[in-house]
Amino acid sequence: MDFDKLYTQLFPRLVQVASAWMASEEAEDLVQDVLVKLWEQRERLSFVNNIETYAFAAVRHKYLDYLKHKTYVREHQHSVWANMRLACDLESPTRDVEYRELCNRVEWAVGQLPKRSRAVFVLSRFEDKTNAEIAIEMGISVNTVECHMTQALRRMNYYLRVS
């Protein structure tokens, strides 16, 4: 089988599966990486009876690796924020008070958001989830997530200016 045939047969279906887990652009990149890797290692994969099944499993494993990496990055970002917070604490007591006041204002503003917009905002900004992940978790479309996020950001901007 040549690469064009492999790509033409499998790419759309693999992207469809991966798009259920992540944004379609990311899914396309992930699937493309998997197909290229399969093609590069085709001689070592002679034991594979069904390349299609193998490709679906490879996409799943690549997605799990992506999630692990994303979790690592998220944890690293949290540790960076914690270190910045510690640096602010050590810098001056005034900065600490300002930081706490800002946190209280943000917490109040988030509490003023409509329920669905608040849920989208919290998942996006505090849990660092993508719009596609939020859509899947909440059972809504990515477009609806984007609309809620736009509404939430506008309201947060307003609330933080007036408070």
Side-chain angles (χ1 to χ4, degrees), residues 7-8 10-38 55-163:
Y7 191 87
T8 304
L10 296 180
F11 185 78
R13 294 190 333 218
L14 292 172
V15 168
Q16 184 178 15
V17 169
S19 292
W21 304 322
M22 60 198 328
S24 59
E25 303 83 34
E26 292 175 318
E28 289 175 5
D29 289 344
L30 183 139
V31 169
Q32 191 166 358
D33 289 348
V34 166
L35 290 176
V36 167
K37 189 99 168 171
L38 288 177
F56 277 97
V59 165
R60 181 175 170 274
H61 288 289
K62 182 84 172 172
Y63 174 70
L64 292 173
D65 288 344
Y66 164 83
L67 284 180
K68 287 177 191 172
H69 174 73
K70 192 169 181 176
T71 300
Y72 171 78
V73 168
R74 190 175 295 147
E75 288 171 359
H76 175 71
Q77 286 174 336
H78 287 298
S79 70
V80 167
W81 279 108
N83 288 338
M84 287 176 60
R85 171 87 166 88
L86 180 60
C88 286
D89 288 348
L90 296 175
E91 189 175 313
S92 79
T94 307
R95 293 245 187 226
D96 186 50
V97 170
E98 290 170 352
Y99 176 79
R100 288 174 197 234
E101 285 177 5
L102 178 60
C103 287
N104 289 338
R105 288 176 55 212
V106 168
E107 188 177 322
W108 174 84
V110 169
Q112 301 305 304
L113 295 173
K115 184 179 178 182
R116 297 282 265 180
S117 294
R118 181 177 350 142
V120 168
F121 183 83
V122 167
L123 289 171
S124 173
R125 295 306 194 251
F126 297 138
E127 296 184 24
D128 199 31
K129 294 190 177 186
T130 67
N131 288 352
E133 291 169 331
I134 296 168
I136 291 167
E137 186 170 322
M138 294 183 69
I140 57 179
S141 72
V142 173
N143 190 34
T144 303
V145 170
E146 291 168 358
C147 289
H148 281 296
M149 197 61 201
T150 300
Q151 180 186 33
L153 290 172
R154 281 189 187 133
R155 288 181 181 220
M156 288 292 293
N157 185 25
Y158 173 76
Y159 294 146
L160 292 173
R161 278 190 287 129
V162 297
S163 66

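For this chain, numbers begin at 1 and follow the sequence in order.
Heavy atoms from other residues, nucleotides or ligands lying under 6.0 Å from CZ of R60 number 12 at most. Within a 6.0 Å radius of CD in E127, other residues, nucleotides and ligands contribute more than 12 heavy atoms.
Residues in residues 11-21 take part in these salt bridge (charged side-chain N to carboxylate O under 4.0 Å, His left out) pairs, two or more places apart or across chains: R13-E52. Pairs of residues two or more places apart, or lying in two chains, that qualify as side chain to side chain donor-acceptor pair (under 3.5 Å) and include a residue from residues 134-148 are S117-H148, K129-E137, S141-T144.
Atom CZ in R154 sits 10.5 Å away from atom CG in N157 (nearest 0.5 Å). In this structure, CZ in R105 is found 10.0 Å from CE in M156, a value given to the nearest 0.5 Å.
Annotation for A27 and V15: closest pair CB-O, 4.1 Å, computed over non-hydrogen atoms. Residue L38 comes nearest to A55 through the heavy atom pair CD1-CB, 3.7 Å, listed as atom of the first residue, atom of the second, then distance.
In this structure, the side chains of V106 and Y159 stay at 4.5 Å or more apart for every pair of heavy atoms. Using a 4.5 Å cut-off on side-chain heavy atoms (C-beta onward), R125 and V110 make no contact.
Listed by chain and residue number, Y7 satisfy the ring-ring contact (aromatic ring centres under 6.0 Å, His included) test with F11 (two or more places apart in sequence, or in another chain). Every residue two or more places apart in sequence or in another chain that forms a side chain to side chain contact (heavy atoms under 4.5 Å, CB included) with A119 is listed here: M138. Applying the side-chain hydrogen bond (donor to acceptor under 3.5 Å, both in side chains) test to Y66 and every residue at least two apart in sequence or in another chain returns E26. Under the ring-ring contact (aromatic ring centres under 6.0 Å, His included) criterion, F56 pairs with no residue at all, not counting sequence neighbours. I136 is linked by a side chain to side chain contact (heavy atoms under 4.5 Å, CB included) to nothing, counting only residues two or more places apart in sequence or in another chain.
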Just list the side-chain donor-acceptor pairs under 3.5 Å for residues 29-36, sequence neighbours left out, or say none.
none

Kindly determine whether R116 and V120 satisfy side chain to side chain contact (heavy atoms under 4.5 Å, CB included), including the steps that lead there.
-> CA-CA 6 Å; R116 297 282 265 180; V120 168; 5.6 Å; no
